[in-house]
Amino acid sequence: MALGGAGAGAKPAAAGAEPELLLSAFAGRIEVETVGVAEGVPGEKLPSLRSGSIVRVLAGSADFRSDVGATVHAGAGDAFYFAALKPEGGRPGYLRIAAIEEEPKALEVAVGGAAFRLSKGAGLSVAAAGPGEATVKQEWGAVRTGDRELKAGESVTLPVGEGRRFDRPAMSLAGVSVTRKNETTF
């Protein structure tokens with residue numbers, strides 16, 4: 001994909017919905033693959049990523065914003081897996097990000113002013129924790145914030161502003177060129 005463009009508004013998710021991850025800033029080329037899910041029209045879900053997507057930044061950089069207060073930043077050579085899980089049994093909905101394929105160069109998840117760097121094979125989850133808060137949990141692998149590594153299963157709750165919302169608008173599809181690589185990748 002190539003970028004031109006301007007932003008378009010993004011609305012917060014409805015209560016009880018799974019968190020969303022939207023493409024919000026982009027310069028270069030990315031590849032988005034949802035294994036086992038054929039795309040009817042290439043990129044029809046952009047700027048919102050489907051749960052289960054693998055994102056590869058082929059050139060440049062890309063930012064993805066979530067309605068639970070998280071921002072995923074990835075640079076050229078970075079690849080990550082994204083999953084969104086719906087609220088269930090009193091547990092809030094959450095998103096999961098995992099670093100895959102190569103050792104990340106710039107991949108980080110920012111929440112409430114803290115940046116979490118993921119090593120290859122590492123994963124974390126982010127969930128709304130209460131009004132104006134989100135909880136980041138180390139799920140597996142090496143996740144660093146500042147000068148320390150999170151311990152297995154450690155979680156951190158951070159202020160992110162009020163309610164489920166997007167910090168910035170999603171990108172306009174008018175500024176992106178979308179092509180199909182195969183039936184599950186664009």
Side-chain angles (χ1 to χ4, degrees), residues 1-11 19-84 95-126 134 136 141-146 160 165-186:
M1 290 185 216
L3 167 72
K11 297 176 186 169
E20 288 189 277
L21 193 62
L22 302 178
L23 179 63
S24 63
F26 170 54
R29 289 183 346 155
I30 64 173
E31 179 178 278
V32 179
E33 176 180 9
T34 309
V35 178
V37 178
E39 291 290 332
V41 175
E44 69 183 5
K45 291 296 286 179
L46 279 176
S48 179
L49 297 180
R50 289 183 194 263
S51 180
S53 291
I54 294 170
V55 178
R56 295 176 186 92
V57 179
L58 305 176
S61 65
D63 286 346
F64 302 84
R65 304 251 181 217
S66 170
D67 53 346
V68 294
T71 300
V72 178
H73 175 76
D78 292 343
F80 68 91
Y81 171 81
F82 159 71
L95 60 90
R96 197 174 260 166
I97 304 294
I100 58 171
E101 297 176 353
E102 302 293 325
E103 187 64 35
K105 295 170 184 69
L107 182 62
E108 69 179 23
V109 179
V111 179
F116 298 87
R117 302 239 350 148
L118 284 74
S119 296
K120 179 181 174 186
L124 57 75
S125 61
V126 182
V136 178
V143 177
R144 297 190 65 76
T145 183
V160 293
R165 62 176 175 75
F166 289 93
D167 292 333
R168 292 178 55 193
M171 285 190 58
S172 166
L173 286 180
V176 180
S177 171
V178 181
T179 59
R180 182 190 303 271
K181 181 175 178 182
N182 59 46
E183 80 172 18
T184 63
T185 307
F186 59 89

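Applying the side-chain contact (heavy atoms from CB on, under 4.5 Å) test to Ala114 and every residue at least two apart in sequence or in another chain returns Phe116, Thr145, Leu158. Listed by chain and number, the residues in a side chain to side chain donor-acceptor pair (under 3.5 Å) with Ser125 are Glu139 (sequence neighbours excluded). Taking the side-chain contact (heavy atoms from CB on, under 4.5 Å) definition, one finds that Ala122 meets it with Leu118, Val143, sequence neighbours left out. The side chain to side chain donor-acceptor pair (under 3.5 Å) search around Ser53 returns Thr34, not counting sequence neighbours. Taking the side-chain contact (heavy atoms from CB on, under 4.5 Å) definition, one finds that Ala106 meets it with His73, Asp78, sequence neighbours left out.
The two residues Ala134 and Val68 have their closest heavy-atom pair at CB-O, 3.5 Å. Nearest approach of Ala70 to Val109, heavy atoms of both residues: CB-CG1, 4.2 Å. Residues Glu20 and Asp67 approach most closely at N-OD1, 3.0 Å, considering heavy atoms. Of all non-hydrogen atoms in Pro19 and Ala84, the two that sit nearest each other are O-CB, 3.3 Å.
Annotation: the span from Phe82 atom CZ to Leu21 atom CG amounts to 5.0 Å, rounded to 0.5 Å. Separation of atoms CD (Glu33) and CD1 (Ile54) is listed at 5.0 Å; rounding is to 0.5 Å.
Counting heavy atoms from C-beta on, the side chains of Leu23 and Leu49 never come closer than 4.5 Å.
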Using atom types as modelled, flag every donor-acceptor pair under 3.5 Å from a side chain in residues 97-105 to any protein atom, sequence neighbours excluded.
{"unit_1": "Glu101", "atom_1": "OE1", "unit_2": "Arg56", "atom_2": "NE", "d": "3.1"}
{"unit_1": "Glu101", "atom_1": "OE2", "unit_2": "Arg56", "atom_2": "NE", "d": "3.0"}
{"unit_1": "Glu101", "atom_1": "OE2", "unit_2": "Arg56", "atom_2": "NH2", "d": "2.8"}
{"unit_1": "Glu103", "atom_1": "OE1", "unit_2": "Lys120", "atom_2": "N", "d": "3.3"}
{"unit_1": "Glu103", "atom_1": "OE2", "unit_2": "Lys120", "atom_2": "N", "d": "3.4"}

